[in-house]
Amino acid sequence: MYSFSKKLKISAIVFMILGALGIAYGFLTIPNSIEEVKQLTEQQNQGHNEANAANVIEQNPNHAVENGKEVSEAAKTEHLTHALHSFQNRPYAAIFIAMFFFFMIALGTLAFYAIQYASQAGWSIVLFRVMEGITAYLLPGSLFILAFLIISVANGHYFYIWMNPEYYNPQSELYDEILVGKSWWLNVPFWMVRTFIFLLGWNIYRYFAVKNSLAQDAGVDLTHYKKNFKASVFFLLFFAVTESMMAWDWIMSLTPHWLSTLFGWYVFSTLFVSSITVIAMVTIYLKSKGFLPQVNNSHFHDLAKFMFGFSIFWTYLWFSQFMLIWYANMPEETAYFTPRLLGPYQLLFMGMLLSNFVFPLLLLMNSDFKRIPWFIISTGIIILLGHYVDIFVMISPATVGNHWQIGIPEISSILFFLGLFIYVVFNALTKSPLNAKGNPFIKESEHFHY
Amino acid sequence: MSNKTLQAIFDDDDVLLSAVKDLRAAEYHIEEIFTPFPVHGLEKAVGLPNTRIAIMAFIYGVIGFSFAVWMMNYMMIADWPQNIGGKPSFSFAENMPAFVPIMFELTVFFAAHLMVITFYMRSKLWPFKKAENPDPRTTDDHFMIEIAVADDVNALEDLLKKAGAKEIKIKA
Amino acid sequence: MSHYEASIREPLINGNKSYHDITVDVAAPVEGKANKKWWIAFTIALLAFLYGIACIAYTIGIGIGVWGLNNRVNWAWDITNFVWWVGIGHAGTLISAVLLLFRQKWRMGINRSAEAMTIFAVFQAGLFPIIHMGRVWNAFYVLPLPNALGSLWVNFNSPLLWDVFAISTYLSVSLVFWYTGLLPDFAMLRDRAVRPFQKKIYGLLSFGWSGRLKDWQRFEEVSLVLAGLATPLVLSVHTIVSMDFATSVIPGWHSTIFPPYFVAGAIFSGFAMVQTLLLIMRKVSNLEAYITRIHIENMNKVILLTGGIVSVAYITEFFMGWYSGSSYEDYTYLSVGAATGPYWWAFWALITCNFIIPQSLWFKKLRTNYVWSFFISIVINIGMWFERFDIIVIDLSRGHLPSSWTMFSPTFVDVGIFIGTIGFFFVLFLLYARTFPVIAQAELKSILKSSGDNYKKLRENNHEQ
């Protein structure tokens, strides 16, 4: 049995407190009027003038690219209104990015776990309890997401701009035919119902899978194992459809005019590689504390191999999406990449290629390195940072626009959810023995060595 | 010291593996082992150093990648830049996304082929090469160990018999 | 201990085989004589091949005007066949490379034939773009060679050129991968051969393989690295094929999901073709002990998985077309316009063959049934042909300019060349089945003790030590 070390518990709690304070600070310092925004933008402009070259705000789908020098007064005010909206969005975006990041780790781990069952893998059984522990975060993570989405709808803030009723009002100057055309899918009730169904389905599987897995430990026959096998197959079927829809609903709809058929799978690749990285890191941590005696460096090797493989897979999907849009060069599609590739997000957008592709590729190519714990941990940290940036770059241009920063609200949000994640996961790990001894493949996993 | 070789034939891979361990423990020098299939753990038991062919593959891959970059830069950008389909080829960086597929293909092409050629050369495999396994059964279900021996072979023969060798031959 | 395998895994080698039995069984088709059925099949395939050659000759002589192409639908059967064959040519490398990386032992009974099939399928695929050039004698212009046109280089921005590199790399690397794996098996045939001619031929083919320890060590490392290289390679090939379509701005073609979706579709169709061939071969060549029920079931599971991925992609395509709000998207190959338009039969053929019928594989009874598996594999082969036909012909027959909307009808030459490639494919495969070791016997021997039925039983009786 694992016992939650005091040191780790205290640091988790400290992270949460610090994070909560920082988040509160973020909300308290939101500018309230256009005047304040003026001051803020002037301050920022002194910092980096060049960023204004590609002054695209995705916030308003009607917004034309402002490259010309002559900008009328009305346009200026409009611009400032958007800027105000962006500044007001920033603490929301910061929370949502961190919230989603840790949530997707739990979700991806659940998918990885289900795949192990469905494919009757033999090597990974000794890691099952670790995965079950990580997926314990799924429920609190889901509740936070649900709460966030409800609040963002309820407070009339339009974190998702398509929720603004003005776009659907023929009298309004904001009236948007394209959004009206999409309203059969993008309307608040249906959208909420979908979200609820996704979260419910995933959590139900997680609940029964863990229950069966624990029951199998004491089981005489394989009933529970067989139940889990079936449940996992059906979960994967459900997941395959809902994961894509989740990505469209929660992230892609932030830029409601833009679409990419690959988007759902692209989010999946990010989610999956981050999850495997976290599984590897938690495993190595537990092993270093003297738990998990059956885990040997061949298990590390395979986890690292998955990190390596799925980093390349992520790059493949990233490239496929980017290159096809770049090549076809259709304005309605390239609008998505303009702020990212040429605009103020360039550094992050290019930088994440380094941390998500180049580093894992070179660091984890060698078979011997895949067995060295500190090597996996340090590559893992790079990968996780890179995929945080990936989520950041997916969400921020559409919410905080050009005025992005990684400052107190962002770091505090990460700290808060990191603390919560550590607390929930390691607390869950204390609840059951770390060896899934009832699984029919457990011996294969213990003997796993090559 | 004579140049005699002792050939011991086994008919089971697990027996072979334990025999190799016994031989190593008794500090005999194993010259060669012929097997019909790769026996798991045998090279470790013999103490064979790791092959470095994977490192060569990496180097070949880097060469292929560099060649692709050079080739496309030379042909598209340097030698004859053109504006095809509204995609002017005047700078490598701006055309980069379109060059990635071929960079990848040539990396793989060079790495795979040069590695296999290296393997064939190092293991001396080519058409018209004469096979060198002393007993044809070693491609079917038998395993053979070759050990260089001095004049006195009795102790070694005993050891091998005990370890489960089926046949023992001595070749001058 | 090192041979341990969980007892609930079914054995992969049945019939109480020893190492020597494997040798004998694998060598049997090569050493024996062809039976009547083989000759009948070979004759039919050869005739189809010859008819295809005649059609190709006719095309080259007269020009590709003899095909049914028109101004609007300027790719049709030819490119459909090309993509279909390339797709089929994905399964072999997937089985030998991806399943090797995932350490799936069941790949060893089937990888050799799957790879052979891959190579033969890519041959067929390669024919189509070459014939499509019209002036085939100028085909070398696709290579970046200095030439007499003032050193006019090829256009590296073009996805069609990427195809040239991707397919030639894929074909040559698959060939080398396959051949390297064949060396120990050729050596086995060489050492068993009694007739001097056979001994000479297999001696030549085996490159003097002797089975030294160091050779095996390199062999395994080379296989592993080749697998690592071939895995992204196999993905890249169909990715690049999909980019032939997706880099354009044609409604239905320009879709970012195309690369992974095409790859999944390719594996789907490739596995179906492997299934078709294996089900025949295990009977004809008496390999039932090595290509067992569990092999067929596992193949069916992969088919179900990739079919599922493809289905999710269909849903995505259908949904996004609708979601985009663009009226042109209402006529793409996955849209209401296609389902109810003049090509409704092609649309429904795709949905029925690729989506509806394969769902039956969810039932264990059906996916372990040989006859049903054979039927399904044929259905999927047809369905995947229709998928490419739909993508190419339906999307091209519509488009941004409604006044030019038109239909396509193939001529006998289109059909003839397609039949010819099927004939050529089977000619090659039938010859292969008679002369090559159709199972990677050396590799198979290395899993006999962990997965042979006799050894598994023995272990169980010893209380699973």
Side-chain angles (χ1 to χ4, degrees), chain A residues 118-123 177-182 184-186 222 225 233 236-237 240-241 243-245 248 257 259-266 269 302 305 309 312-313 316-317 319-330 332-333 365 367 439-447 449-450, chain C residues 1-9 98 101-104 157 159 221 224-225 228 231-232 235-236 239 242-243 245-250 253-261 263-264 298 301 304-305 308-309 311-313 315-327 362 450 464-465:
Chain A
S119 63
Q120 296 175 321
W123 68 279
E177 252 184 30
I178 298 177
L179 287 187
V180 172
K182 287 181 204 283
W184 59 274
W185 179 262
L186 287 183
L222 293 177
Y225 164 76
V233 172
L236 287 173
L237 192 66
V241 180
E243 187 277 332
S244 279
M245 290 191 177
W248 307 335
H257 277 193
L259 61 94
S260 164
T261 42
L262 186 57
F263 199 78
W265 294 1
Y266 173 64
S269 68
D302 270 32
K305 193 155 108 180
I312 294 172
F313 181 70
Y316 166 59
L317 294 188
F319 178 74
S320 299
Q321 179 167 285
F322 169 72
M323 197 278 281
L324 290 176
I325 288 174
W326 170 84
Y327 200 106
N329 204 11
M330 293 149 87
E332 65 265 35
E333 286 185 347
M365 191 184 294
S367 178
N439 191 293
F441 297 112
I442 185 72
K443 270 179 102 178
E444 262 186 36
S445 186
E446 285 168 359
H447 289 174
H449 202 63
Y450 64 94
Chain C
M1 211 56 165
S2 63
H3 300 301
Y4 174 78
E5 185 182 271
S7 54
I8 67 163
R9 289 198 198 280
V98 179
L101 296 182
F102 281 118
R103 288 189 288 271
Q104 296 292 312
N157 289 331
E221 186 81 0
L224 201 65
V225 177
T231 301
L235 298 193
S236 82
T239 293
S242 83
M243 286 169 181
F245 305 100
T247 50
S248 72
V249 292
I250 293 171
W253 282 12
H254 181 67
S255 173
T256 49
I257 208 171
F258 261 35
Y261 150 56
V263 172
N298 282 341
K301 282 181 178 170
L304 196 56
L305 170 72
I309 297 173
S311 305
V312 174
I315 296 169
T316 307
E317 287 272 37
F318 207 101
F319 169 80
M320 285 292 175
W322 207 343
Y323 178 80
S324 73
S326 157
S327 46
W362 284 100
S450 66
E464 284 257 343
Q465 51 111 6

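We name chains A, B, ... by the order of the sequence lines, and we start the count at 1 in each one. Computed from heavy atoms alone, side chains included, the values below leave out hydrogens, waters and symmetry copies. As the structure is a computational prediction, the values presented were derived from the model and not from experiment.
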Proximal component of V225(C), with respect to chain A [non-hydrogen, under 4.5 Å]: neither
Which atoms of S255(C) approach chain A - backbone, side chain, both or neither, heavy atom under 4.5 Å: both
Steps toward ring-ring contact (aromatic ring centres under 6.0 Å, His included) verdict (F319(C), W248(A)): CA-CA 11 Å; F319(C) 169 80; W248(A) 307 335; 4.6 Å; yes
Qualifying residues under side-chain contact (heavy atoms from CB on, under 4.5 Å), relative to L237(A), sequence neighbours excluded: F234(A), W362(C)
Residues in salt bridge (charged side-chain N to carboxylate O under 4.0 Å, His left out) contact with E221(C), at least two apart in sequence or another chain: none
Centroid-centroid under 6.0 Å between W322(C) and W184(A) rings: yes
Contacting moiety of E177(A), where chain C heavy atoms sit under 4.5 Å: neither
Toward chain C, the part of M245(A) with a non-hydrogen atom under 4.5 Å: neither
Side-chain heavy-atom pair [X], [Y] within 4.5 angstrom cut-off:
| X | Y | answer |
| --- | --- | --- |
| W265(A) | T256(C) | no |
| S119(A) | F102(C) | no |
| F258(C) | T261(A) | no |

Top contributor to chain A interface from T231(C), L235(C), T239(C) [non-hydrogen pairs under 4.5 Å]: T239(C)
